[in-house]
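One structure below.
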Amino acid sequence: MTSAEALSAALAVLRRDELAAYTRMTDWLGRMTVGFDLPEESFVVRGGKDVLVLPEAPQPIEVKVRTDRDTVIALIDGDLQLLEAVEGRRLDLVADVSLMVPLARAARAFAEGTARARRVRPILEAYRQKCREHM
Amino acid sequence: MPLALEAIGGIDRPHVPPSGDPALSTYKEWWHFNIIDDAAGLDVIVNLSLTGDIRTGDEGQANLIFLSLEADRGWRGGLDVFDGLSATVDERGVDLAVGQSSIRYSDGCYRLWLRSANGQLAADLRLVPATEPMLVWKDTPIGSGHINWMIVPYLSASGWVRIGERRVSMEGARAYHDHNWGHWRWGDNFGWDWGFCAAATELGGEPLSLVYDRTVDRRGARVAEHSLAVWRGEQLLRFFARQMIRVRHSGTYRGHVRRIPGVSDLMDPARVATIPARIDLTARFGEDLIEASYIPDAALQIAIPRETGFGLVELNETMGWLTLAGTLAGWPFNVTRRACFEFVG
């Protein structure tokens, strides 16, 4: 399972099972376009009524995130804090400063939803398994 | 074997609501154990919990919290989450299993056979109750629901714990057990402080064990229950009720607080500031007096999503040192022992 597939599957679960968190996330994300750059893949998350995970950007990317799968897993598992990841150069975030607050709140709403949604657990486990295979 | 100890298996049985119970969605129950091995410098926390309709795959849940703490190595272990159907529950006694772990009571002892899902921790422990249990089955109100409590304040623990590749054997370690059940929603207007010190010292040749409890609203302003129960040997020696107790929290614990599940840090990245640096407690009734102070030296937060909106309910587990001085039934005492306190809000 790629990072894009895992994120797309988690968003679908959120929309179905945790609509309040999903709606809050879409509200904060607005029409923002976030580009993710990992060693194995690149993809784009586009905000809107529905949040889409796309292989390429249909419009200019406003936020660029560079990281890797181990860092994503470490953040989810609480082995690494977001600030530590940035300071340790394991996660780069490039965006206009005015987008940082809505982006952080959208990410927080996403975490709220995924922490509550039971159907996210097998997705995370499959993603974690894929990471182990690549170690 | 005294009758009350023989009966523990029945007293400690599950209280799973029947199918179709309209309150099934708010059902919660757990069996909690602490083991303090003073010789090895090892603390262990085990909590097996059931929530919701465990007869279904998606409306119920069974969780196992299995943690170890060593001064030089910190916390290990974490939370393993299973769906309700993964739990095996015998409703006639204590015979519970989830994942590769089980908790049973038979022949006068608890048997804890534990395996964390990631293989990091394992244990095989026998816990023999050394005191009579205390049952607080009066539907104590918490928020819109209620909770009940069964306590065994002192058990003697033997067996082994494996932490990574290291195996720690123990014989006669101090242990504590409680069992809570009821119906409530996480995020309702309640909180609690709870703590224990098993076999803190000897009083006239018998071990002295204490359990403290304070159930409050979220701000801590309205007290629903406040007690300090003290056992000498197998028997309850003194129960200090709320009007006999004074307590004061001071400062904020400044050490690192690990949070589980780890995703809690993404939901609320703020530093944990809800653990006091110190608690001072005085309990008095007639000639009986206990003056106690507790200073935590390690803390871990179990964060549970609120059921009443966004955000987290914080269950702060701490280990630390309890200093006790005073007189009970004419026996003076003055001792400092490792103990555990939990702060929920």
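Below, chain A is the first sequence line, B the second, and so on; all start at residue 1.
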For atom [atom1] of [X], decide whether the heavy atoms of other residues, nucleotides or ligands shown that lie under 6.0 angstrom number more than 12.
| X | atom1 | answer |
| --- | --- | --- |
| B:Arg115 | CZ | yes |
| B:Arg166 | CZ | yes |
| A:Gln129 | CD | yes |
| A:Glu40 | CD | yes |

Is A:Arg118 reaching over with its side chain to a backbone N or O of B:Asp58, donor-acceptor style, under 3.5 angstrom?
-> yes
Any donor and acceptor pair, going by atom type alone, linking the side chain of A:Arg121 with main-chain N or O of B:Phe82 inside 3.5 Å?
->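 Absent.
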For chain A, the option from B:Arg259, B:Met267, B:Gln61 that forms the most heavy-atom pairs under 4.5 Å | B:Met267
Closest non-hydrogen atom pair, [X] against [Y]:
| X | Y | answer |
| --- | --- | --- |
| A:Ala111 | B:Leu266 | CB-CB, 4.0 Å |
| B:Val263 | A:Ala115 | CG1-CB, 3.9 Å |
| B:Gly309 | A:Arg116 | O-NH2, 3.1 Å |

Side chain from CB out, backbone as N, CA, C, O: work out which of these in B:Pro305 comes under 4.5 Å of a heavy atom of chain A, or both, or neither.
-> both
What part of [X] gets closer than 4.5 Å to chain B, counting heavy atoms only: side chain, backbone, both or neither?
| X | result |
| --- | --- |
| A:Gln81 | side chain |
| A:Ala20 | both |
| A:Ala21 | both |

A:Asp79 side, atom CG; B:Asp265 side, atom CG - distance, nearest 0.5 Å | 10.0 Å
Check the pair A:Arg108, B:Asp268 against side chain to side chain contact (heavy atoms under 4.5 Å, CB included), reporting the backbone distance first and the verdict last.
-> CA-CA 8 Å; A:Arg108 187 168 172 169; B:Asp268 181 6; 4.2 Å; yes
